[in-house]
Structures are given as structure tokens and as C-alpha cells.
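First the proteins, then the strands, lettered A, B, ... as listed; each starts at 1.
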Protein chains: 2
Amino acid sequence: MDNGLLLQVYEHPLLSREEIGTICALHKKVYFRKGDFVLKEGLVADEYLILEEGLARSFVYDYNGNDITTNFFAQNEIIIEVSSLFQRIPSKENIQVLTDCICWKIDFDDFQNIYHSIAGFSEWGRAWMSQSLFESKQRAISMITDSAMKRYHKLLEEKPLVIQNAPLKHIASYLGITDSSLSRIRKATART
Amino acid sequence: MDNGLLLQVYEHPLLSREEIGTICALHKKVYFRKGDFVLKEGLVADEYLILEEGLARSFVYDYNGNDITTNFFAQNEIIIEVSSLFQRIPSKENIQVLTDCICWKIDFDDFQNIYHSIAGFSEWGRAWMSQSLFESKQRAISMITDSAMKRYHKLLEEKPLVIQNAPLKHIASYLGITDSSLSRIRKATART
DNA sequence: AAGTAAACTTGACCTATGGCAAGAAATGGA
DNA sequence: TCCATTTCTTGCCATAGGTCAAGTTTACTT
């Protein structure tokens, strides 16, 4: 049940090999087909996933009904809607896989048990969350200080697989620009 | 040592009145004068504050050396740099008070002790963090879907005291616009 | 293999916001 | 109370990116 991927994700100075084994043992393998929803707006999440293979994105609808991609998930990353899972409230976001995916799922109840019985695990969780918060803030800062082109190039560096596999409109909405603008940015980039 | 403000901040379904008392007892009152720094870029935070009276902001410098306000803290809110405090790494942000402030401080070591000994406290912490993450994401979405004017009006509703007390340039950089633009937005708003 | 829908590109024009610079108003010492 | 800074406003012009609409190209479906 445990495999290299999970071991890597749960690596933490305060977690022993045995504890990591216990944590990994609570995960079950699940499969998704391109286009499947992992979570729909309005529902309460009661699990999270670790993405072994494939790509996913989260998105919301704005007042005009356009969908805005809020995040991309690549291999090794945790697919989760934190607010819904931890505050036990309906999700405001949707999560959908962009390609066929292989994931490891852990249920909230199992998570809760070890969260309180393994001290290092709540440390791990806090560290993960604090990193997420940091990245989210960085994104807001990037929206303020970087041009659309720069934001595109940063994404290209951070998540090259996304650029290769996600449709342009999802990338554009994530970057906060229109499809047309992104298409022009790409054209300009190609020339260089 | 405990007072209404702290009781309110630590209110949580899994925390008993006694536990909240224990938590509150670890806080010490501290004072800041307008302009004082609570945390400077490059240092590792080892405390956080609960703001009883006054206003503060966090900010970073962009590549041109302009300061970008990343957050405002109002009464009742927790002044904290999560990444630095919980990952024990140097802060990338600065935190500075905008007015004279009265705060309640708790040291990281004390926090750590009760984080692991009071189960409800780590739940409280997780809930708080998950709410912060949600707000940070909302901010990024707002940068994408809302006009500068709308962002201003939202801030005006959410933190009216900020608008009344922070200099325009801080508000402008927080909103991701220039001083001049904000000044024009205000003018337009006043007319209506 | 054909047909349809989705994804992407491109052109012409438009608009919100930026950049700069000058002046007015407010604020904070000494 | 006066001077020196900040802070804020405003005008003029520049520009990144938006809007709309017409093509292409690509990718599914049967």
C-alpha cells in the first residue's frame, strides 16, 4: 500500500518511518477519467487526494457564469478544498481532472484520527497549510506586480505540464487574462 | 489576564471555557507606537499578536523597491506571518503598525505546548488557517474578476477603518493600482 | 471518413489604468 | 507658528489588455 510517492509527500522531520507507514496505509487508490469531478460546488468535501498521475484544476464561476480556474494540480500534489474539508462547509469551488488520473485518497475521519494521535502529523499538516497560504499570497502579489506575460512565464516554469495539457482558456482565466491575450502572448514568446 | 477580546478570538466548539482560560493566560499585553515594526523581513517570527486596539499592515518590496501592502490588520485580528512562524524560516514580509496599538502577544514555544496538549486548540488553529487561506484565495479571484473600483468598494465594506486611517498609497498598493487611480476612484465615488 | 463542436488565432478598435509631473493640502516636528 | 515633508489631487498622454467577431485548426463522435 505504501509507495515512494506517498512516502515523499509525508516526509517530515517529526514523522518516523513507522508513522509515515501508518499514514500511508490509510490511503486507497482511486481512478478518474478525463473530465470527472473530484468535488462539486455546494457539496462538503470529506476526503482529499494525492495525485500520482495526471492533472487537475479547481475553478469557480464568476457573476457572468464564466469559469475561472483557481488552481492547477500536478503530479505529487495534494488535491484538496481546505475550507470545505476542515470547516465542514459546502465547497465554493469545483475540482475537475483534466486528464485521466491515478490518485491516493484518504477519508476525513481517518485523517482526523491520526491528526490527533500522531503529533508529527499535525505538524506536517500545519507546515503544508502554511506553505499553501504562502503560495496563495504570492499569487496575489504576482497579480499586482507582474505583467500578464511575466505571469505566464512564471507558470510555464513552475508547472510546465499544465501549459502542455490544459486548454488555453483555463490557463488564461488562471492568469487573469482573456484567451485572445494569452494567444498573443504565446505568439510573441514563440518569435523570441 | 483573560478579557472579552481574547475569549472571543479563541471561541471554538472544541474548546472548553477552562482551556480557553489556559490559552489566554499565555498572552502578554504589549504596546506599539505608530510606525513601529512588529516583524522585519529576514527575521524569524517567534510570536504572534492579537490586535486589541489600532491598525497594522504587512508589506513586501517589489523589484523596483516600491512597497506593496499585502494585508491590513484591524481590531480583533491576528497579526502573524504564518510561514515564518510555523516553518521557522526568515520572513519575506514586513509588518508595521499604522497607529499606536495595544496587542496581546503569545510566544511560539508557549503556543507549541498547548498546540500539542489541547486537542481543540490545534483544531482551532487549523480552522483559523483554513479561513486565512480562503480569504487569500478570494483576494486573488477578486484581482481577476473585479475592477479596481469594485475592489476598493469591497475593501471599504470589509475594513472601513483601514480606509479611514491608512495612507492612500498603502491602500492603492494593496488594491494593485496606483495612487493616482485610487484618488480618481475616490473622486468618482464622492460625486455619486 | 465526415461532421460537429471545441480550441485557438488574429484583426480592428476600445477602455481602464499607468506614468509623469505640477500643484494643493495636510501633517509633523522644532 | 513656520518650515519641511508627506500625502493627495489632477491634467495630459501612453499602453496593456479587453471586446467582438471572423476565421482556422484540432479533436471527438458515430
Let me know the distance between CG of A:N165 and P of D:dT26, rounded to the nearest Å. 17 Å

May I ask you to verify if any side-chain N or O of B:K34 is less than 4.0 angstrom from the OP1 or OP2 atom of C:dG28? yes

CZ-OG distance between B:F134 and A:S84, expressed to the nearest 0.5 angstrom: 10.5 Å

Looking at A:K150, does any N or O in its side chain come under 4.0 Å of the phosphate oxygens OP1/OP2 on D:dA16? no

Is the distance from OP1 or OP2 of D:dT10 to the nearest side-chain N or O of B:K187 less than 4.0 Å? yes

Set out, in order, the CA-CA distance, both residues' side-chain angles and the distance that settles side-chain contact (heavy atoms from CB on, under 4.5 Å) for B:I50 and B:Y10, then state yes or no. CA-CA 11 Å; B:I50 293 173; B:Y10 289 111; 3.5 Å; yes

Non-hydrogen side-chain atoms of B:R33 and B:D100 separated by less than 4.5 Å: yes

How many Å lie between NE2 on B:H170 and P on D:dT6, as a whole number? 12 Å

Separation of B:R186 atom CZ from D:dC8 atom P, in whole Å? 7 Å

To the nearest Å, give me how far apart CD1 (A:I177) and P (D:dG18) are. 6 Å

Identify whether any heavy atom of A:S180 sits under 4.0 Å from a base atom; if not, whether one sits that close to sugar-phosphate; answer base, sugar-phosphate or nothing. base

Over all strands shown, is B:G176 touching base, sugar-phosphate only, or nothing at heavy-atom distances under 4.0 angstrom? sugar-phosphate

Touch class at under 4.0 angstrom, heavy-atom based, for B:S183 against every strand present: base

Check the phosphate of C:dT17 against B:S181, side-chain N and O only, distance under 4.0 Å to OP1 or OP2. Yes or no? no

Test item: A:T189 and A:M149 side chains (from C-beta on) under 4.5 Å apart, heavy atoms: yes

Please report the closest heavy-atom contact between B:T70 and B:Y174, naming both atoms and the distance. O-CE1, 3.5 Å

Would one find a side-chain N or O of A:T178 under 4.0 angstrom from OP1 or OP2 of D:dG18? yes

Taking atom P of D:dC8 as reference, at what distance in whole Å does atom CD of B:Q164 sit? 13 Å

Expressed in angstrom and rounded to an integer, what is the separation of A:I185 atom CD1 from D:dA16 atom C1'? 9 Å

